[in-house]
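Throughout, numbering of the chain's residues begins at 1 and tracks the sequence. Given the structure is predicted, the values throughout are model-derived calculations rather than measurements.
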Amino acid sequence: MKKKWVKIVPYICIFILVGIIGTYFYKDTVARIANGLDAIYFSRDINPEHTLKLNEEPIVQEFTTTRDHIAKLGIGFKRTENVENIKVIVGLREKGKVECLQTWEFEAQDISQEAVFHYFALDDIMVGKNRQMEILVSSEEIENEGAIEVYTSNNLEKYGDLSYRGETKKETLALAIVGPVQYISKLFWVMVIAFAFVLCSLYWIVRRKNIPLEKVFLVMGGFLGIVYLFLFTPYSEPDSRAHIATVYYYADILTGKEPLSEDGKTMVREEDLEADGLSEFLGMDNLNTVKENIFTKSEKNEMVPYTRGKMSVPASAFVPQIAGTALGMLLRCGGTLTLYLGKAFTLIFYLICCYFAIKLIPFGKMVLFLCALLPFSLETATSYSYDATVIALSFLMIGYVFYLKYEKKKVCTSDIVLWTFLTMWLAPCKIVYYFIGFLIFIVPVEKFKTKRHYYLSGIAATGFGAIALAVGRMTTITTAVEGEAGKYFTIDMFFEDIPKSVLMIGRTINYHFEDYLKQIFGGLYSWMDLHLSWNFVLLYLILFCLVLLKRQDEKTFLNIHDKIWMGMIVLLISAMVAASMLFTWTPPDASVIVGIQGRYFLPILPLAGFIFRNKTITVQKNIDYHLALAIMAIQYLTVMQIFTCTIRR
C-alpha cells in the first residue's frame, strides 16, 4: 500500500505545481479580464489615414451586441488644433428610437492628438445579446470644421451601417466594445488541466522509457499544435493576406471557380472576404470573433475580389493549406471555419513530416524533436504561411539523409527518386533552401553501387531540383538578378562599393541579431509585436544546448568533412536569405538589410546544431525523455504567457 502511494506522489506534485502556476496567471490577469469591466470584446484597428470631420450633425454608427454585458464604449478621436470651450457629445440608443440610453459630454480640448481610443463608461452595464444599437457622435458648432475628427477602422465588415451627413458610407468607426468576458476563464482552466494531464503522461513515459521518441513527439506535437492553432488566430501570422490570397487562388482552381478578377485580384467568397471581421492584430478581439463564428455556415457564397492577388509561388508550397481551404469551400463552412481547416491541414502535414524525420534519423533525435516544437515553429505550423511546408520538408530531408548515411546498407534507386522528389518539392517553395538537396553528398560513396552511380544520383537530385526551381520561380529569380533600380538595392550596387555592402551586412547582424534570436527561441510572435521576456529565450537556448550533447551509447558521429560540407550549406543558405532580402526588399539608401526574420533560419537550425556536436562533452545517461518533459514544462509557461498577453490586448 505504501509503495503504491509513493508512486502517485510525483503525479500529485505535478498537478499541484501546474495548478499553482495556473492560479498565479489567473489571479494576475485572467480573472480581471473574465470578471472585470476592462476587457475588450471587439476593437477595430484605427485607420490613421482616414477620419470623418465632426460637427453638430451626428455621425451614426450601427452595431449589434454579441455579448450579454457591455460596460464601456471606446471611440477613436483626433484633435488637430486647440478648441477651447467646445463640447463633444456621444450618445447610445436602441436602433429606431429617438431617446438615448445614455449621453456623454466632454471638453474637446481633452481629446488626445495621438491615435488612441477614448472610453465612455455606462452607468448601468447593458445586458442583452443581439440588440440592435446605434452610437451617435457630434460636437458643438466649431469655426474650423476639421479641428475634431473621428477615426475610421481598417476593418469595414464588423459593424452595421455608418450614416455621415445623411449619407450611408462604406466605412466603420474605430470602436471598442468593453466588458467582462467570462468564457476566457473556462478556456484558461481547460488549458491548465490539459497541460497537467499531458505532463503526468510524459512523466509516466520517462519512467518507462520504452515508447519511441517519434510517438512521444506525435503526442506532444498534436497537443501543442491544437493549443497553438487556437492561440494564434487566422490573420495573426506575418504576411497572412499574401499567403491566404495565394491559397484561395489555387483552391478556386481546385473547386472549379474563376480564380482571378479583371484587375488581377484573387476571387473569394464574400464570406471569406469579410472573414467574420478577423484582423491582423492578435488580441481579445480575434479570440471573441473565433468563438462567435467558428461553427457558422456560409451565407454569402457570391465570388468577390480579395484585397490583393496571388504571390508568384507554386501550388506545391501550399498543398495542405489548399486542401483544407477547398474542403471548407465545398462544405460551405463559414469564413472562420474555412480558415481553420486550412490551418489544421497544415498542422497535420507538419506533424507527419516531423514524425518520420525523428523516426528515420539514427542519432540526435532530440535535436529535431526540439526544433519542431519551438514556439515559432508551432506558430508557423498552424498558419497559412508556406514556411510551414519549408520547415516540415527541411526537417524530413535532414532526418532522411542521415538515415541513408548511417542506417541504410545500400542506397537504392527508390531512395534517390524520393530524395529528388523532396528536393523538387522544397526548392520552388523558397528558393534559398534548394541547397538542402546537396546534403545527399555526405552519404558515403560505398553506399552506392559504383562511384558513377554516386555522382549521377547527386547530379540527378540537384539537377531536377534546379529545373523545378527554374520552372516554379523564374519570375522571382529574374526580378532578384535584374533588380529594380531606384526601388531596391541591386547586384550592381553591391559590387560597385563592396566595403559599403560588407558594412551593411555587419550592421544588420549587429543591430538585428537579437531579434533573430528572440524569434527563433520563443521571444517574438505574430507580427513581431508580441514580446516575451528574455527568460524564455534563455530557457529554449539551454534546451537546445542540452539536446546537442552526444549520448555515450551513440555509435554514429559526424566527421570533420561532413561538418565542413554541412557548414558550407548553412552559410550558403544564410547568405542567400540575406541576398534575397537585400535585392528584393531593401531600399537603395538603407543602412541595413531590411526584411530578414529569425524564422528564415528555422529550417537549417538542426543542421547548424549538428555542426557543433562533439565527443568532448557526452551524456552518460540517456536523458531524452527527461528533456521531452522539460520541453513541455517550458511550453506550459510559454503558452500561459502568450495567452495572458493576448487577452490584455
Task: Passing option when Phe197 is tested against Tyr203, Phe15, Tyr11 for ring pair (Phe, Tyr, Trp, His ring centres under 6.0 Å) - done: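 Of the listed residues Tyr203, Phe15, Tyr11, the ring pair (Phe, Tyr, Trp, His ring centres under 6.0 Å) partner of Phe197 is Phe15.
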TODO: Determine the sole option in Tyr355, Tyr625, Phe217 for which the ring pair (Phe, Tyr, Trp, His ring centres under 6.0 Å) test with Phe369 is passed.
DONE: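 Going through Tyr355, Tyr625, Phe217 one by one, the ring pair (Phe, Tyr, Trp, His ring centres under 6.0 Å) with Phe369 is satisfied by Phe217 alone.
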Task: Option passing side-chain hydrogen bond (donor to acceptor under 3.5 Å, both in side chains) with Glu134 (candidates Arg93, Lys95, Lys97) - done: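 Exactly one candidate clears the test, Arg93.
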TODO: Taking the six-membered ring of Tyr384 (Phe, Tyr or Trp), confirm whether the NZ or CZ of Lys343 is under 6.0 Å from its centre and within 45° of its axis.
DONE: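 Geometry flag: not set, cation outside 6.0 Å or 45°.
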Open item on the list: Please evaluate residues Phe521 and Phe376 with respect to the criterion ring pair (Phe, Tyr, Trp, His ring centres under 6.0 Å), reporting the C-alpha separation (whole Å), side-chain torsions for both, the decisive distance (0.1 Å), and the verdict.
Closed with: CA-CA 7 Å; Phe521 292 106; Phe376 210 93; over 10 Å; no
Where does the angle between the aromatic ring planes of [X] and [Y] fall among parallel (under 30°), tilted (30 to 60°) and perpendicular (over 60°)?
{"X": "Tyr228", "Y": "Phe232", "answer": "parallel"}
{"X": "Phe318", "Y": "Tyr386", "answer": "perpendicular"}
{"X": "Trp189", "Y": "Tyr26", "answer": "tilted"}

Within this structure, what is the [atom1]-[atom2] distance for the pair [X] and [Y], rounded to the nearest 0.5 Å?
{"X": "His531", "Y": "Ile642", "atom1": "NE2", "atom2": "CD1", "result": "12.5 Å"}
{"X": "Leu373", "Y": "Ile631", "atom1": "CG", "atom2": "CD1", "result": "6.0 Å"}
{"X": "Leu278", "Y": "Asp285", "atom1": "CG", "atom2": "CG", "result": "8.5 Å"}
{"X": "Leu231", "Y": "Leu224", "atom1": "CG", "atom2": "CG", "result": "11.0 Å"}
{"X": "Ile12", "Y": "Leu17", "atom1": "CD1", "atom2": "CG", "result": "13.5 Å"}
{"X": "Lys169", "Y": "Ile59", "atom1": "NZ", "atom2": "CD1", "result": "10.0 Å"}

Between [X] and [Y], is any side-chain donor less than 3.5 angstrom from a side-chain acceptor?
{"X": "Asp276", "Y": "Thr336", "value": "yes"}
{"X": "Asn286", "Y": "Thr233", "value": "yes"}
{"X": "Thr638", "Y": "Tyr540", "value": "yes"}
{"X": "Asn301", "Y": "Glu270", "value": "no"}
{"X": "Gln61", "Y": "Tyr164", "value": "no"}
{"X": "Tyr600", "Y": "Asp387", "value": "no"}
{"X": "Thr380", "Y": "Arg599", "value": "no"}

Return yes if some donor-acceptor pair links the side-chain N/O of [X] with the main-chain N/O of [Y] below 3.5 Å, else return no.
{"X": "Trp527", "Y": "Glu237", "answer": "yes"}
{"X": "Trp534", "Y": "Gly523", "answer": "no"}
{"X": "Glu271", "Y": "Glu299", "answer": "yes"}
{"X": "Ser377", "Y": "Ala372", "answer": "no"}
{"X": "Ser526", "Y": "Ser236", "answer": "yes"}
{"X": "Gln641", "Y": "Tyr636", "answer": "no"}

Task: Pair Asp515 + Lys518: basic N to acidic O under 4.0 Å - done: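 No, Asp515 and Lys518 are not salt-bridged.
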- [ ] Check whether the ring centres of Tyr340 and Phe230 lie less than 6.0 Å apart, and answer yes or no.
- [x]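 Ring centres of Phe230 and Tyr340 closer than 6.0 Å.
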Task: Heavy-atom check, side chain of Tyr525 versus side chain of Pro375, under 4.5 Å - done: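 Yes, close enough: below the 4.5 Å cut-off.
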Task: Ile125 side chain reached by Ile70 side chain, heavy atoms, under 4.5 Å - done: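 Not in contact.
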- [ ] Check step by step if side chain to side chain donor-acceptor pair (under 3.5 Å) holds for Gln321 and Tyr248.
- [x] CA-CA 9 Å; Gln321 295 94 325; Tyr248 271 98; over 6 Å; no
TODO: Output, in order, the C-alpha distance, side-chain angles, deciding distance and verdict of ring pair (Phe, Tyr, Trp, His ring centres under 6.0 Å) for Phe106 and Phe77.
DONE: CA-CA 12 Å; Phe106 65 100; Phe77 287 100; 5.7 Å; yes
TODO: Evaluate whether atom CZ of Arg308 has more than 12 neighbouring non-hydrogen atoms of other residues, nucleotides or ligands under 6.0 angstrom away.
DONE: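 It does: Arg308 CZ has more than 12 such atoms within range.
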